[in-house]
Amino acid sequence: MERYDPKTIEARWQRVWDDERAFHVPNPAEGEISEREKTYVLEMLPYPSGELHMGHVLNYTLGDVVAHMRRRSGYAVLRPMGYDAFGLPAENAAIREGGHPRVVAERNIEAIRAQMRRMGWAIDWEREVSTHEPEYYRWTQWLFLRFFEHGHTYRKEAPVKWCPKDQTVLANEQVIDGRCERCGTEVEAKSLEQWFFRITAYADRLLDEMSLLEDWPERVLTMQRNWIGRSEGAEVVFRIDELDAEVPVFTTRPDTLYGATFFVLAPEHPLVPRLVEGTPQEREVLDYVRRAGARSTVERETKEKDGVPTGRTITNPVNGEQIPVWVADYVLMEYGTGAIMAVPAHDERDFAFAERYGLPVRVVVEPAGGDSAPEQGVFVAHSAGERLVDSEQFSGLPSPEGKRAIVERLERDGNGKQVIAYRLRDWLLSRQRYWGCPIPIVHCGACGLVPVPESELPVLLPEVEEFLPKGRSPLAAAEEWVRTTCPSCGGEARRETDTMDTFVDSSWYFLRYCDPRNDEAPFGRDVADYWLPVNQYIGGIEHAILHLLYARFFTKAMNDMGLVGFREPFLRLFNQGMIHHLGAKMAKSKGNVVEPNLYADRHGADALRLYVLFMGPAEQDKEWQDTGIEGTVRFLHRLWRLVHEQVERGGPAQAPSGGALARKTHETIAKVTDDVQRRFVFNTPISAVMELVNEIARAPEDPAARFATETAVSLIQPYAPHVAEELWQRLGHERLWEEPWPVADEAQLRRETFELVIQVNGKVRDRVQAAADLSREELVELARNSPRARAFIDGGSVRQAIVVPRKLVNLVVG
Ligand code: ANZ
Ligand code: ZN
């Protein structure tokens, strides 16, 4: 018998798959029609900022198993791959390595492609795309212009988040706990003119249409819900008569309006300078505003609340009461109206502030059951049955009615209205960086913002001497390129020099895969509607908000523009866990990185693929162990020997019906199939096949042994496709990747049973159902574990067991 040698076997089968276009799926756009039902299996595409790490190996092996099983279950499977090559990840890698971003990205793409082939992932390579290629970004620009035409894109001066390290603005979604999502630097506030996508117009649909999703992790849905942060409440207009100013606030608790004892403006509120102009407070207030501006978001959200009085008062519209106006930075300009009515009795933030500055606290809501509110501290009302108190004619009303009645009264008097506030902000898409998709807009003194005509797309990224980020876009240095003529009036004009956020590129890549060579449109609508939505999407939790929210928004906007016929891009989503090593996330800086290439070379891609799935439940974080992969290597050797032994025996390939091994085989088929398809569990199927292999090794002469062996090879194919293919051939067959997925014989799953009589010292103590094929030992075990029999064994020990097959077990206890 030859030795199992993964290196040669894996190279051989990878060649066969290439030669036979094994994983090519018919392309309806090119007139290839498949009779099969379609399914789209997609994994998040990698950034070519380095080579693939173990996380990718897990991600893409998961997708591979799903794709293989679906293909063999009769589906036409779209399973493409590409590279998210534009943007900060690749550009920062280039800066680190001191090369041109294009050169570095393309070098990484080559290395990644080689790794992907080395791992034997079943990818349709004819559909490969990379977001930095002109054939791709031409269409990113085309889509940008459609969004612009429809008013989904606009430019305005706005307070923005600035990363001083990356020297560019960031979208709110890219600021995690006050830090840059890419480099971890604390972000700063600036006011700049920037480009935005009007994602807020889709806030309600991003929430409501979650109902169209088939299966997304609850955790991701919750994160998106919180990020969108819809809250229902009221806008209440307060007045400052001396200034003839109206200042609306947003509140979710209009029922507490009579409890407002002071009023707070965000430091950035535009009214602040006018409010204090020429007053004794002016200096102190403006100082405070300046200091607040210098504070980072992190600091602002975590420090003890502080503020300054303005010396002014403002009128509460329900009772005409004058309450003092303060400026404090716990009120954020970006939310609601940037001003609040403070109700310290019922809001914890307001309470902390009132305590610190000795401001009055007035209770206006009482808990249910007539208990009075606590003397000290806040009563944050939220339970049913609370009632308003000390609120004029509204006193005594239950809280929800109180809300409604007060808002009605405000509406009648023109002092407020019911509103919904969102935490979601528009998506800031422009970046002051070199390596990205140029924004196809021309600035003309006479015509304003003018779209580049479609026939002139793509606007190619210019070559520049210096692409390092300096605060303004490096594209601005390409004078020749910047200077152009206005497409509208023909006069002198200048090109937009900012580039697009990488997340724009990845908001539609899954559509380009359907029609990757289309040079008349980003994709044909028919082809897109045929393949999409994606049936199974797989990727990391780090994109729970960023990419997944943006791609959903893009799809909805494209649906509105008639470009696609569906409203959600990804029906099912799975997030894989992280692979740790030495107790920590793998990182070059920690020196604990486990290189996939090293293990693929040493043990073979099959062993590595098996191991990353065998480690534990795919969604959990797991610890890499060298001894673990050695275990899967041993298993593959055992399978190899077993197959050769069975080939030599030449037993019948047809399974005789009945018999323990035949049944075990059908049980294994059922388990492996169900675990993956219904439960999305990948580790237990591997153990099930291992168990089956052990059973066969125990009874190699069983009449079902050959059938069991062939089934084991067939079932392990999605996990270890090279060795499975090789063994399948040695078993006298061909092309396992096209072989229909095995189906368990239901009849064989039903076990024959009989009633087992259990005696203790000759007296019948219990009767239980037992499988007909249990061994003597198993029958005795069953008897000993019967709770009723145990009551009689208790204390004593079983000295002997008499077994009458298919009838009874008598336990002799002494
Ligand atoms: C009065 C009140 C009384 C409030 C009460 C709460 C409890 P969510 O639920 O997150 O939407 N608020 C409004 N705008 C704000 C801003 N720009 N910065 C900081 N806080 C702001 O929160 C809405 C509540 O947060 C609003 O309702 C307002 O305080 C505060 F017993 O108004 B409330
Ligand atoms: Zn013009």
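On a predicted model such as this, the values are computed, not experimentally measured, just so you know. Each ligand, and each atom within it, is numbered from 1 in the order the structure gives.
- The shortest side-chain heavy-atom distance between T153 and L429 falls under the 4.5 Å cut-off.
- Taking every non-hydrogen atom of V331 and a distance limit under 4.0 Å, the qualifying atoms of ligand 1 come out as 16 (C), 17 (N), 18 (N), 19 (C).
- We find the CE-OG1 distance between M500 and T131 to be 11.5 Å, quoted to the nearest 0.5 Å.
- Interatomic distance, E619 CD to F574 CZ, rounded to the nearest 0.5 Å: 5.0 Å.
- Close approach to R253 involves these atoms of ligand 1, each under 4.0 Å from a residue heavy atom: 2 (C), 3 (C), 5 (C), 6 (C), 7 (C), 31 (F).
- Separating the CD1 atom in I176 from the CZ atom in R182 is a distance of 11.0 Å, to the nearest 0.5 Å.
- Taking only nitrogen or oxygen atoms, main chain and side chain alike, D350 does not reach within less than 3.5 Å of ligand 1.
- Proximity to V343 (heavy-atom distance under 4.0 Å) selects the following atoms of ligand 1: 1 (C), 3 (C).
- The backbone and the side chain of T251 each have at least one atom closer than 4.0 Å to an atom of ligand 1 (non-hydrogen atoms only).
- Residue L332 has at least one N or O atom closer than 3.5 Å to an N or O atom of ligand 1.
- Taking the six-membered ring where tryptophan is involved, the planes of F553 and W427 are perpendicular, since the angle between them exceeds 60° and thus also 30°.
- Within the 4.5 Å cutoff, the side chain of P324 has no heavy atoms near those of the Y357 side chain.
- By the 4.0 Å heavy-atom criterion, R349 is counted among the residues contacting ligand 1.
- Residue T256 has at least one heavy-atom neighbour below 4.0 Å for each of these atoms of ligand 1: 3 (C), 31 (F).
- By the 3.5 Å distance cut-off applied to N or O atoms, H346 is not counted among the residues near ligand 1.
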Could you walk me through whether W195 and E496 pass the side-chain hydrogen bond (donor to acceptor under 3.5 Å, both in side chains) test, one step at a time? CA-CA 10 Å; W195 287 93; E496 169 64 54; 2.8 Å; yes
